[in-house]
Amino acid sequence: MANKYFRKYLIPTAATETLLYTVPAANAAVVRSLRVTNTGTGTTAITVAHTGTGTTYYLQKNRSLDVNGTFDVFNGIPCVLEAGDVLRVTSSLAGSHFYLSYLEMDRT
(Lines give C-alpha, C1' and ligand atoms only; values in the text may rest on other atoms or scores of the structure.)
Protein backbone atom coordinates (compact mmCIF):
# COMPACT_ATOMS: atom_id res chain seq x y z
CA MET A 1 0.00 0.00 0.00
CA ALA A 2 1.75 3.17 -1.23
CA ASN A 3 0.95 6.75 -0.34
CA LYS A 4 1.87 9.44 -2.87
CA TYR A 5 1.50 13.22 -2.76
CA PHE A 6 0.38 14.99 -5.92
CA ARG A 7 -0.64 18.38 -7.25
CA LYS A 8 -2.75 19.39 -10.22
CA TYR A 9 -3.36 22.78 -11.68
CA LEU A 10 -5.88 23.99 -14.19
CA ILE A 11 -6.96 27.20 -15.94
CA PRO A 12 -10.36 26.25 -17.38
CA THR A 13 -12.24 27.83 -20.24
CA ALA A 14 -14.79 30.43 -19.11
CA ALA A 15 -18.25 29.15 -18.17
CA THR A 16 -17.34 25.52 -18.87
CA GLU A 17 -17.53 22.81 -16.21
CA THR A 18 -14.14 21.10 -16.35
CA LEU A 19 -12.87 17.86 -14.83
CA LEU A 20 -10.08 18.57 -12.33
CA TYR A 21 -9.49 15.15 -10.74
CA THR A 22 -10.82 11.59 -10.67
CA VAL A 23 -9.71 9.18 -7.93
CA PRO A 24 -8.23 6.09 -9.63
CA ALA A 25 -9.71 2.61 -9.09
CA ALA A 26 -8.51 0.84 -5.92
CA ASN A 27 -7.41 4.18 -4.42
CA ALA A 28 -8.60 6.76 -1.97
CA ALA A 29 -7.49 10.38 -1.77
CA VAL A 30 -7.28 13.04 0.91
CA VAL A 31 -7.51 16.53 -0.54
CA ARG A 32 -5.61 19.02 1.55
CA SER A 33 -6.13 22.17 -0.45
CA LEU A 34 -7.84 23.58 -3.53
CA ARG A 35 -6.61 27.15 -4.01
CA VAL A 36 -8.48 29.36 -6.47
CA THR A 37 -7.05 32.65 -7.74
CA ASN A 38 -8.77 35.10 -10.07
CA THR A 39 -6.23 36.60 -12.47
CA GLY A 40 -8.94 37.79 -14.85
CA THR A 41 -10.23 41.30 -15.47
CA GLY A 42 -13.52 41.10 -13.55
CA THR A 43 -15.27 39.43 -10.66
CA THR A 44 -15.98 35.76 -11.40
CA ALA A 45 -18.31 33.13 -9.94
CA ILE A 46 -16.60 29.90 -8.85
CA THR A 47 -18.32 26.51 -8.55
CA VAL A 48 -16.66 23.32 -7.31
CA ALA A 49 -18.64 20.08 -7.49
CA HIS A 50 -17.94 16.58 -6.14
CA THR A 51 -19.63 13.59 -7.76
CA GLY A 52 -19.59 10.19 -6.10
CA THR A 53 -22.05 7.30 -6.35
CA GLY A 54 -24.01 9.20 -9.00
CA THR A 55 -24.90 12.20 -6.83
CA THR A 56 -23.38 15.67 -7.25
CA TYR A 57 -22.59 17.74 -4.16
CA TYR A 58 -21.50 21.36 -4.34
CA LEU A 59 -18.47 22.35 -2.26
CA GLN A 60 -18.81 25.93 -3.56
CA LYS A 61 -21.65 27.22 -5.69
CA ASN A 62 -21.32 30.52 -7.56
CA ARG A 63 -18.90 31.96 -5.00
CA SER A 64 -17.95 35.49 -6.00
CA LEU A 65 -14.19 36.05 -6.37
CA ASP A 66 -12.83 39.54 -7.02
CA VAL A 67 -9.93 40.31 -9.36
CA ASN A 68 -6.65 39.15 -7.78
CA GLY A 69 -8.62 37.41 -5.02
CA THR A 70 -7.65 33.97 -3.67
CA PHE A 71 -9.40 31.46 -1.43
CA ASP A 72 -9.07 27.81 -0.41
CA VAL A 73 -12.18 25.73 -1.07
CA PHE A 74 -11.40 23.38 1.84
CA ASN A 75 -10.09 26.08 4.18
CA GLY A 76 -7.61 23.71 5.82
CA ILE A 77 -10.13 20.92 6.43
CA PRO A 78 -9.17 17.69 4.61
CA CYS A 79 -11.69 16.12 2.24
CA VAL A 80 -11.72 12.32 1.80
CA LEU A 81 -12.52 10.98 -1.67
CA GLU A 82 -13.07 7.36 -2.68
CA ALA A 83 -12.28 5.45 -5.88
CA GLY A 84 -14.20 6.90 -8.83
CA ASP A 85 -15.07 10.19 -7.09
CA VAL A 86 -14.72 13.25 -9.33
CA LEU A 87 -13.99 16.94 -8.72
CA ARG A 88 -15.21 19.42 -11.37
CA VAL A 89 -14.69 23.19 -11.44
CA THR A 90 -16.36 26.10 -13.21
CA SER A 91 -15.46 29.77 -13.44
CA SER A 92 -17.88 32.22 -15.06
CA LEU A 93 -14.97 34.21 -16.57
CA ALA A 94 -11.58 33.27 -18.01
CA GLY A 95 -8.47 33.70 -15.88
CA SER A 96 -9.22 31.57 -12.81
CA HIS A 97 -6.40 29.35 -11.62
CA PHE A 98 -7.16 26.15 -9.67
CA TYR A 99 -4.37 24.41 -7.72
CA LEU A 100 -5.16 21.07 -6.05
CA SER A 101 -2.90 19.38 -3.43
CA TYR A 102 -3.76 15.82 -2.39
CA LEU A 103 -2.54 12.51 -1.00
CA GLU A 104 -3.43 9.37 -2.95
CA MET A 105 -3.49 6.01 -1.15
CA ASP A 106 -3.27 2.71 -2.99
CA ARG A 107 -5.76 0.28 -1.41
CA THR A 108 -4.47 -2.89 -3.11
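FYI, the numbering just counts along the sequence from 1.
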### Message
When you compare the side chain of Thr39 with that of His97, does any pair of heavy atoms fall below 4.5 Å?
### Response
yes

### Task
Would you mind reporting whether Asp66 and Asn38 have side-chain heavy atoms less than 4.5 Å apart?
no

### Message
Grouping I, L, V, M, F, W and Y whenever their side-chain heavy atoms are under 4.5 Å apart, do Leu59 and Ile77 come out in a common cluster?
### Response
no

### Query
With a 4.5 Å heavy-atom cut-off, do Arg63 and Leu65 have their side chains touching?
no

### Under 3.5 Å: donor-acceptor pair, side chain of Asp72, backbone of Arg35
no

#### Entry: Note, Tyr58 side chain near Val48 side chain (heavy atom, < 4.5 Å)
no

### Query
Where is the tightest heavy-atom contact between Ala25 and Ala83, given as atom of each residue plus distance?
CA-CB, 4.1 Å

### Task
Answer yes or no: is there a side-chain heavy-atom contact under 4.5 Å between Asn62 and Ile46?
no

### Task
Please determine, by modelled atom types, if Ser33 and Ser101 share a side-chain donor-acceptor pair under 3.5 angstrom.
no

### Summary
Here the pair of heavy atoms bringing Ala49 nearest to Thr56 is CB-CG2, 3.8 Å

### Task
Provide the closest heavy-atom pair for Ala28 versus Arg107 in the form atom of the first, atom of the second, distance.
CB-NE, 3.7 Å

### Query
Would you call Thr37 and Phe98 a side-chain contact if the rule is heavy atoms closer than 4.5 Å?
no

### Task
Mark yes or no for whether Asn75, through its side chain, and Val73, through its backbone, hold a donor-acceptor pair below 3.5 Å.
no

### Task
For Phe71 and Gln60, run side-chain contact (heavy atoms from CB on, under 4.5 Å): C-alpha distance rounded to whole Å, both residues' side-chain angles, the deciding distance at 0.1 Å, then the answer.
CA-CA 11 Å; Phe71 76 97; Gln60 293 286 324; 4.0 Å; yes

### Query
Counting heavy atoms not belonging to Tyr9, are there more than 12 under 6.0 Å from its OH?
no

### Query
Have Ser64 and Thr43 got a donor and an acceptor in their side chains that come within less than 3.5 Å?
no

### Rounded distance [0.5 Å steps], OH in Tyr102 versus NZ in Lys8
4.5 Å

### Message
Could you see if Leu10 belongs to whatever hydrophobic cluster contains Val36? Use Ile, Leu, Val, Met, Phe, Trp, Tyr and a side-chain cutoff under 4.5 Å.
### Response
yes

### Query
Which pair of non-hydrogen atoms, one from Tyr99 and one from Arg7, has the smallest distance, and what is that distance?
OH-CD, 2.7 Å

Please tabulate, for the side chains in residues 84-92, all donor-acceptor contacts under 3.5 angstrom to protein atoms that are two or more places apart in sequence or on a different chain.
from  : atom 1 : to    : atom 2 : distance (Å)
Asp85 : OD2    : His50 : NE2    : 3.1
Asp85 : OD2    : Glu82 : N      : 2.9
Ser91 : OG     : Thr44 : OG1    : 2.8
Ser91 : OG     : Leu93 : O      : 2.8
Ser91 : OG     : Ser96 : OG     : 2.7
Ser92 : OG     : Thr44 : OG1    : 3.1
Ser92 : OG     : Ala45 : N      : 2.8

### Query
How many angstroms lie between OG1 in Thr108 and CG in Asn27, if you round to the nearest 0.5 Å?
7.5 Å

Would you list the atom pairs, donor with acceptor, under 3.5 Å between side chains in residues 13-22 and any protein atom, with sequence neighbours excluded?
from  : atom 1 : to     : atom 2 : distance (Å)
Thr16 : OG1    : Ala14  : O      : 3.2
Thr18 : OG1    : Thr16  : O      : 3.0
Tyr21 : OH     : Glu104 : OE2    : 2.5

